[in-house]
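Notes for the one structure printed next.
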Amino acid sequence: MSKKQEKSEAELLKEKLFRSADKGAGSISDKEMNAADKFCVKYVKFLDDSKTEREAVSSAKAIAEKAGFQPYESGKKYSAGDKVYLINRKRNIILAVIGKKGCKNGVRLSIAHIDSPRLDLKPNPLYEANDLALFKTHYYGGIKKYQWTAIPLALHGVIALKSGKTVDVKIGEKDSDPIFCVTDLLPHLAKEQVKKPGSQMFTGEELNLLVGSRPFKGDGESELVKLNILNILFKEYAITEEDFLSADLELVPAYKARDLGFDRSMIGAYGHDDRVCAYPALMAAVNCDTPEKTAVTVLVDKEETGSDGNTGMQSDFMKYFILDMAKSEGADGYDVISRSACLSADVNAAFDPTYASVYEANNSCYINKGVVITKYTGSSGKYGTSEASAEFMAEIRAMLDDNDVLWQTGELGKVDAGGGGTIAKYVANMNVDVVDLGVPVLSMHAPLEVVSKLDVYMAYRAFLAFLSK
Ligand code: MN
Ligand code: MN
C-alpha cells in the first residue's frame with residue numbers, strides 16, 4: 001500500500017477551474033435510484049394509455065382530477081393553492097396551480113408536446129387491389145419510412161358522424177385484437193430497392209396498410225374484399241365509407257412500453273418524444289407545493305408538424321388563458337406574460353456510440369447523465385431557434401444545482417449535421433424567457449425509442465424545482 005499522495009498544484013487548480021465532470025448514474029444513491037424506478041412504473045402506464053394526443057389529454061385530465069384539479073372558470077377569483085385545468089379541443093390541456101402571489105409577477109411555464117410521429121389515415125383511405133383491402137396513409141412528422149413497415153400497428157382515433165356523434169376507435173392493443181401492418185418487400189426481390197438511398201427506399205404512397213383479404217360472398221360484383229371490410233365496420237361502428245372523411249385516425253405501434261436492458265435501467269417505447277417530458281411536467285404540477293408564482297403546465301399538440309393550428313403552440317390558446325387569469329386578478333396581461341419564464345420541455349438526441357460521427361462529444365447529452373438543458377436548437381447557423389440568454393441559463397443551472405438535480409447540457413448533433421426545433425421559439429416570441437429542458441432519447445422518432453429511467457425522474461425533479469421556485 002502506498003502512502004496517500006498529496007494533490008499537486010495542477011490537480012488542485014484543475015478541480016477549481018475545470019467544468020466538473022458529468023457525474024452520471026454512478027453518483028446516485030440507491031434510495032434515489034429506487035425512487036426513479038418507482039416513478040417510471042407509472043410513466044410506463046401513462047405511455048400505454050396515451051399513444052395519441054387525445055388519449056394523452058384524457059390521461060392527464062384523469063390524473064389531474066384525482067389530484068384535486070377543477071375545471072377552470074373564466075372570471076372566477078382563485079386563491080393560492082387552487083388547482084385548475086382547461087382543455088382545448090380535446091388535444092391540449094393547461095393545468096395551473098395558483099401561486100401565493102398569483103400571476104402578477106409572471107407565471108412559471110412548463111410546456112411539453114403530446115403528439116408523436118406516426119401514420120395517419122387519408123380522408124379516403126380504403127381501397128381494394130388484387131383481392132387485398134388496404135388503407136392509404138399520410139405520415140405525420142419526421143419519420144424514416146422504412147422503420148414503419150412490417151411492424152404491428154394499432155389504429156387509434158375518432159370518427160365524427162354527421163349526426164354530431166363521435167365514435168372512438170382503438171384496435172390492436174388487446175391481445176385478442178387484430179393488428180395491421182404496412183407490408184415490406186422480401187429481400188429476395190429487393191435487389192433494386194436496396195440500392196436506393198434510404199430516403200427513396202420507400203415513398204409516402206407506398207406506406208399502405210393491410211386491413212383485410214376475405215371477400216363478401218356474392219357473385220358478379222367487384223370489390224368484394226373492400227365490401228366485406230365496410231360491412232364489418234358498419235356492424236361494429238355503424239359507419240359507412242363516407243364517414244372516414246370526418247375522422248382523426250392514427251396508426252401507432254401496437255406494442256406496450258417495456259423495461260429495456262438486463263439491468264432494466266431503460267424504457268423502450270413508442271412516443272417518448274415527448275410524453276417523456278409531458279408526464280414528468282404533469283406530475284410536477286400535480287405534486288408541487290403552493291408556489292410563489294402561479295405554475296402553469298401546458299401539454300400541446302402539433303409540435304411534430306410545426307406547431308401550427310388551434311391546438312399547436314402557435315395557437316393563442318395559452319396566451320388567452322394567461323390574459324384571462326391576469327384580468328381576474330386585476331393585473332395587466334402583457335406585464336404578466338413578459339415577466340414569465342418557461343421550460344420548453346422537450347427531448348434531445350442522446351449520444352449514440354454506434355453513430356458517433358454525427359455528434360460532437362463535448363456538447364452532446366448522454367443516457368443516465370440526467371436532464372438535459374439545450375441552450376439552442378435550430379440548424380445551419382442557429383436558424384429557427386430562440387436561444388436562451390446567458391442570464392436565463394445561469395438562473396436555471398443554479399436552480400438545478402441548488403436542488404441536487406442531475407443535469408447536463410446538449411446540442412442537437414454536430415454543427416451542419418442536421419438539426420431540429422421545439423416549441424421554445426413560439427413562447428420566446430411572446431417575450432418570455434425560455435430554455436429547452438428534457439430527457440435524452442436514443443432512436444428518436446423511431447417506432448421504439450429509448451430513455452433512461454434516471455433521466456425521466458431527473459426531469460420530474462427539475463420541473464418540480466422550477467414550478468416551486
Ligand atoms: Mn419533441
Ligand atoms: Mn420530435
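Because only heavy atoms are used, hydrogens play no part in the values below, and waters and symmetry mates are left out as well, while side chains stay in. Atoms within a ligand are numbered from 1 in the order they appear, just like the ligands themselves.
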Determine, for [X] against [Y], whether the closest basic-nitrogen to carboxylate-oxygen distance falls under 4.0 angstrom.
X: K122; Y: E205; result: yes
X: K101; Y: E292; result: yes
X: R118; Y: E304; result: no

If you check every N/O/S atom of E304, which is the one nearest the Mn ion (ligand 2)? OE2
Examine all N, O or S atoms of H113, backbone included, and report whether one is under 2.8 Å from the Mn ion (ligand 1).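 Yes, H113 qualifies, because one of its backbone or side-chain N, O or S atoms lies under 2.8 Å.
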Just to the nearest 10 degrees, tell me the angle at the Mn ion (ligand 2) spanned by H445 NE2 and D273 OD2.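 Output for this angle: 90°, rounded to tens.
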For the Mn ion (ligand 1), what is the closest N, O or S atom on D346?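 The closest N, O or S atom of D346 to the Mn ion (ligand 1) is OD1.
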Taking the cut-offs as 6.0 angstrom to the six-membered ring centre and 45 degrees off its axis, would you call K144 and Y146 a cation-pi pair?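 Judged by the rule (NZ or CZ under 6.0 Å from the ring centre, within 45° of its axis), K144 is not positioned above Y146.
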Under 6.0 Å between ring centres: does that hold for F69 and Y85?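 That pair fails the under 6.0 Å test.
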Any N/O/S atom, side chain or main chain, of E303 closer to the Mn ion (ligand 2) than 2.8 Å?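 No, since none of the N, O or S atoms of E303 sits under 2.8 Å from the Mn ion (ligand 2).
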